[in-house]
Peer 1: 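Below: one structure in structure tokens.
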Amino acid sequence: MIRHLIKIIWNQRKKNGWIAAELLLVFVVLWFLTDLLFVTGTVYFSPQGYSIDHVYLVNIGMEENENGTGPDTTGNKLSVGESTLLLFDRIKTCPGVEAVCAGEAAMPYDGNNRYNSLFIISDTIQSKNFKSVTVTPEYMDIFGFKPGKEEKKSWDEMLAGGQVILSGDLFTEIKELGGSRNKPLYRSSEGGAENEIRVGGVTEPFRGTRFNKKALWMFSELTRDDIIQANNPYYTSIKIAIRVKPEADRDFESFFIKNMEKQLSVGPFYLIDLTSFKDKRDAYELLTGEKRETQNAIAITVFLFFNIFLGIFGTFWFRTERRKEEMGLRIAVGSTPGGLKRLMTGEGLVLLTLVAIPGIILCLNLQLLEVTNGYYMDYTASRFLIGIALTYLLIAGMIVLGIWYPAHQTMKMKPAEALHYE
Amino acid sequence: MYKQYFKQAVQLLKEKPFFSVISVLGTALAITLIMVVVLVYQVQNSNYEPEVNRGRMLFVNTLLLERSNGSSYSCLWAPRLAKECFFPLKTPEAVTLISTYKQILATNTDQTKRFKCDQVQTDEAFWKAFRFRFLAGKPFTQSDVTGNIKQAVLAETTARTLFSSAKEAIGQTVVLARKPYTVCGVVRDVSPIAQNAYAQVWIPCPASALTEVINEETMQGLSGAYHVMILARSSSDFPTIRTEINRQIQRENAGLRTWKINLLGQPDTQFTQRLRIWSNIALDVTKAIRPYLIALLIILLVPAINLSGLTSSGMQARMSELGIRKAFGATRGMLFRQVITENLVLTLLGGITGLGLSYLAIYYLKNWLFNSYDLAYTNSALSLESGMLIQPLTFFYALLLCLLLNLLSAGIPAWWASRQSIVNSLNEK
């Protein structure tokens with residue numbers, strides 16, 4: 001039957017030329033969009049490696065001095081650092097709070113990032129950039145980070161004595177550059193014992209945000225002394241996060257405010273409210289615009305989808321209308337109604353397949369030229385094949401739907417009527 | 001004669017309901033999309049309360065400080081520097097300073113009611129540049145600013161939450177970030193979409209900030225958290241104002257030792273300020289709007305081509321009828337007009353559906369369409385008001401769009417159909 005269909009298509013090649021061109025254009029554009037959505041979706045939905053469930057950021061406000069240039073220190077006996085530490089200790093006492101942690105440039109989805117470089121010194125000097133995160137040890141459990149498979153120590157032990165914890169991906173990349181757990185890392189390219197970074201542990205790989213493939217983080221300890229000495233809240237901005245017991249996490253914010261408001265009025269600080277990290281994540285994704293770009297791509301895809309459907313539907317409908325005599329003839333010489341339907345749908349699909357061949361070549365070129373998104377996923381063969389398969393299925397689906405109605409109408413015709421259609 | 005066409009068009013609709021529905025839907029899709037773009041543009045650029053003067057306002061949001069050794073520092077304005085550069089201007093009607101919004105806690109004096117809100121610091125000219133609806137009381141004045149008198153204007157929701165009603169709030173003490181202020185006015189809530197004027201609490205900017213000493217090492221007096229907004233008497237004054245600003249900046253630069261101010265092409269109009277993404281390079285307006293124009297063109301052309309295909313296929317069926325008309329004396333022009341007019345009925349139906357759908361789309365998709373980097377941390381939800389959406393020009397644009405689409409989608413088939421010879425048309429079946 002396929003040879004028969006190809007013959008029919010070739011016989012009417014002039015008319016089919018336009019449809020073929022339209023299908024080719026549609027194929028390439030739709031592949032581009034499906035590929036984009038596929039890679040974005042893969043990254044977005046893969047496991048994060050840490051968890052923000054039931055975790056809240058404690059929003060602490062600060063009373064400013066007259067000029068608005070710093071905290072109001074009149075009448076306060078406690079320094080800013082001492083006040084922060086007192087807040088930290090008091091929050092722990094609130095019922096329902098499972099754990100409290102503090103961090104500097106450490107809270108996820110905060111927009112507050114600190115970057116630094118480390119150096120691997122052997123025959124050559126290699127450097128690696130990382131995000132520097134300074135936290136109290138409870139942070140690791142509150143956000144559900146997992147220690148690497150071979151790690152035996154607790155988080156406290158890993159961070160003790162000035163040691164650092166590397167994120168899984170950072171450690172992998174260090175190994176690729178020739179480093180290992182036994183070889184020291186340095187903060188400066190000059191090396192030396194005073195610049196040495198001692199690694200206390202490694203985490204399982206995780207992703208910083210939903211739109212990142214990996215995270216290159218280094219965790220170091222924020223000690224109680226560090227907190228007391230941090231006296232400039234504009235520069236050091238230590239933030240406090242809590243994890244709430246799941247059974248207590250119902251309307252917890254108003255409960256917390258009612259219980260803790262007076263106790264957390266310490267020094268220049270006062271309690272504003274709690275923000276769940278889910279809300280922070282939504283705001284952050286808005287800030288970076290990544291979510292918006294994806295939503296734009298989805299909107300364009302939906303728009304094109306409707307237009308393509310309209311185009312295919314209209315085209316095939318009128319083609320079918322104009323071939324009523326031919327269909328009548330076929331019925332008259334014995335074709336079954338089902339057979340007719342299959343013939344018409346088959347014709348559309350064969351046309352699509354014929355068009356898909358140059359289409360695949362065009363798309364392959366686009367991928368090899370790296371026109372499509374290379375950030376979320378590498379340019380692999382499986383990615384290409386999945387994209388082509390999805391595109392083909394989508395257009396095939398539209399063709400089948402677009403032919404269904406007119407084919408259905410034709411099927412209902414009586415042969416004699418159809419023959420009279422001239 | 002047009003009545004004839006209209007009747008015929010309606011008859012056609014009834015004869016081929018399926019074709020008509022597809023046609024109307026296709027048109028509605030195209031119109032919805034373009035009207036959404038038009039409405040979004042309208043919301044971001046036309047005048048409505050409280051930003052009723054957008055057409056005659058200029059904005060200087062950021063500044064770039066450059067050093068002779070090549071390094072630069074981009075920041076917002078400190079009140080002292082803004083005062084030196086912009087207050088002496090003679091052409092504008094008003095110049096105002098507005099800080100970026102900051103989340104603070106507002107409570108009543110006995111701390112029984114609390115409300116987290118967005119606070120902004122500004123001056124008297126702010127109330128001239130924007131027209132707020134005061135439900136009670138009045139705005140603070142320049143003497144409040146210079147005299148450091150702690151007055152505050154609250155938005156309606158803030159006042160109602162803390163004091164139970166707008167009228168009752170006047171004269172009461174409100175504690176903002178643990179400092180007491182007297183409520184001097186309450187205004188209707190402002191949507192964050194009106195980004196220039198948005199806040200939930202307005203307080204005067206501190207007097208000391210206007211007089212602090214400029215220190216080029218610590219950046220005191222140079223870098224701060226304020227935007228500058230200028231109200232001109234009319235938009236034709238814009239070139240004069242720009243020249244005056246440039247002269248004033250040059251004068252100021254002569255007095256600075258280490259840093260030089262670079263405005264990077266500011267002051268901006270409402271339209272251009274929204275295009276500016278980077279604060280340390282100048283804005284190329286044509287380059288910035290090109291992707292939007294291309295997108296607009298595609299949104300218009302793709303459905304037009306599809307509809308054109310549909311119409312021309314439908315035309316085939318009517319060739320014999322048109323042949324008869326020609327045989328009875330219809331000219332090419334008459335046939336052309338007939339086809340276009342009949343198609344117009346379908347297009348207008350699609351247009352009305354499309355316009356309705358576009359309003360629905362704007363309402364339900366407002367978070368996607370209007371949210372942006374600046375609004376990521378606001379406290380109030382985005383709200384759309386009728387003043388933003390219903391402007392006299394909207395319906396005119398919609399009608400224009402329908403006519404354009406009609407011409408694009410029916411023009412070529414109509415022209416082609418009218419040119420067929422009579423015999424061919426009659427024989428066509």
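Naming convention: chains lettered A, B, ... in sequence-line order (proteins, then strands); numbering from 1 in each chain.
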Peer 1: Please identify, among Arg114(B), Lys179(B), Lys116(B), the residue contributing the most non-hydrogen atom pairs under 4.5 Å to chain A.
Peer 2: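 Of the options given, most contacts go to Arg114(B).
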Peer 1: For residues Lys280(A) and Tyr56(A), determine if any side-chain heavy atom of one lies less than 4.5 Å from a side-chain heavy atom of the other.
Peer 2: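 Not in contact.
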Peer 1: Are Arg80(B) and Gln220(B) close enough that a side-chain donor and a side-chain acceptor fall under 3.5 Å?
Peer 2: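 Checked: Arg80(B)/Gln220(B) side chains show no N/O donor-acceptor pair below 3.5 Å.
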Peer 1: Measure Leu210(B) against the heavy atoms of chain A and call it side chain, backbone, both or neither at under 4.5 Å.
Peer 2: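 Nothing of Leu210(B), per the 4.5 Å heavy-atom cut-off to chain A.
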Peer 1: Looking only at side chains, do Tyr284(A) and Asp110(A) share a donor and an acceptor under 3.5 Å apart?
Peer 2: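 On atom types as modelled, these side chains do not qualify, holding no pair under 3.5 Å.
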Peer 1: Please rank Asn59(A), Asp282(A), Ile257(A) by heavy-atom pairs under 4.5 Å with chain B and give me the top one.
Peer 2: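 Looking at each option in turn, the highest pair count goes to Ile257(A).
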Peer 1: Can you tell which part of Leu29(B) gets under 4.5 Å to a heavy atom of chain A, answering side chain, backbone, both or neither?
Peer 2: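 Contact with chain A involves the side chain of Leu29(B) alone.
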Peer 1: Centre-to-centre under 6.0 Å for Phe211(A) and Tyr44(A), is that the case here?
Peer 2: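 Distance test on ring centres: under 6.0 Å, yes.
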Peer 1: In terms of heavy-atom proximity below 4.5 Å to chain B, should Glu64(A) be classed as side chain, backbone, both, or neither?
Peer 2: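 For Glu64(A), backbone and side chain are both near chain B.
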Peer 1: Any side-chain donor paired with an acceptor under 3.5 Å for Tyr270(A) and Arg178(B)?
Peer 2: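 No, no side-chain donor-acceptor contact under 3.5 Å.
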Peer 1: With a 4.5 angstrom heavy-atom cut-off, is it the side chain or the backbone of Asn148(B) that approaches chain A, or both, or neither?
Peer 2: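 For Asn148(B), the contact with chain A is made by the side chain alone.
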